[in-house]
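Counting convention: from 1, in listed order, for ligands and their atoms alike.
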Amino acid sequence: MHAYVIGVDLGGTQVRAALSDATGQIYRRVATATKADEGQDAVIERIKSLIDQVWPKPDQGTVKAIGLAAPGPLDPTSGVIVFAPNLPGWDMVPLRNIIAGAYGLPTFLGNDANLAALAENRYGAGRDIADMIYITVSTGVGGGIITHGGMLLGSHGFAAEVGHMTVEAQGARCLCGNSGCLEAYASGPSIARHAVEALHQGATSMVTDMVAGDLSRITAKELHDAAKAGDRLAQAEFRRAGFYLGVGITSLLHLFNPRMIVLGGSVMKVGALLTDAIWEVIRARAPHQYWEGLSIVSAALGDDVVLIGAIALAEAESQRRGQTMARVP
Ligand SMILES: [Zn+2]
């Protein structure tokens with residue numbers, strides 16, 4: 001009989017659930033719209049409904065644990081979502097205990113970007129790498145730090161917020177309230193905002209025609225297309241974002257001395273334009289001992305990375321518990 005785990009990825013637009021085993025292979029998966037505006041209780045009912053849908057039939061096996069991924073800030077120790085910008089009204093929600101109580105199973109909660117790091121470490125690009133940092137660059141900039149083979153959580157589980165490292169002390173305002181955060185320079189919306197400012201100041205780019213003159217429609221996607229077509233401004237904007245990513249990564253190299261950096265998220269699809277700029281900064285700024293054995297690679301798990309992270313959390317935590325119990329005489 002199989003002992004499965006169930007992973008749930010609670011996102012601002014979609015909730016997804018999957019049934020998996022220790023290898024990370026997905027046997028059954030379902031998804032539905034989050035509809036966060038309908039309120040917390042409705043969303044929690046949708047989570048339970050998805051769990052029920054992937055649950056194995058009695059002759060197929062049992063479920064040993066449930067892993068939940070949610071947007072932070074959240075406390076993985078108490079299993080409480082502190083608040084969630086994408087889930088209006090979610091304030092100190094004990095999601096882990098709600099789900100554990102409903103199913104009577106060991107249940108674990110983790111921050112989505114941290115769990116994406118765990119997924120890449122267990123089943124993706126960073127397999128068997130004990131010291132690895134995952135960075136996702138899309139609407140925001142998030143990440144997770146694997147050190148000595150374990151996930152770095154910090155005292156309240158708020159660690160590894162790589163997007164809120166200061167990279168420019170008097171710099172641009174960030175949504176978190178601070179100034180000069182990496183996210184304010186490298187996220188998709190930040191890159192687009194800077195390009196629009198340049199256009200307002202008289203710079204020219206084919207991207208203006210791509211949005212029929214409506215600069216408010218410019219996103220990192222249009223800039224990516226323009227950069228591929230050789231547009232100077234678009235290319236410069238991505239090089240600028242790459243520069244700040246390189247500055248942030250240089251600090252991470254000094255702090256954690258990783259062997260691998262895994263880069264994911266929609267903005268990283270731009271590829272060499274960003275990674276060349278990142279490498280240029282690292283080589284210029286960090287002592288060679290930090291980067292000679294360093295690999296910077298693309299994430300391997302695609303859009304499922306957070307869902308697989310929830311599965312990896314359930315699997316890792318239930319294994320750890322099993323070992324602890326086995327040691328009890
Ligand atoms: Zn910030």
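With Gln14 contributing its side chain and Gly11 its backbone, the two residues share no donor-acceptor pair below 3.5 Å. The backbone N or O of Glu315 lies less than 3.5 Å from no partner atom in the side chain of Arg122, so there is not a single donor-acceptor pair.
Side chains of Gln53 and Ser49: a donor on one and an acceptor on the other come within 3.5 Å.
Arg16 has a carboxylate O that lies under 4.0 Å from a charged side-chain N of Asp9, or vice versa, which qualifies the two as a salt bridge. Checked for salt-bridge contact, Asp225 and Lys221 meet the test: a charged N lies under 4.0 Å from a carboxylate O.
With a cut-off of 2.8 Å, the protein N/O/S atoms near the Zn ion (ligand 1) add up to 4.
The aromatic rings of Phe238 and His224 sit perpendicular, their planes meeting at an angle over 60°, well past the 30° parallel limit.
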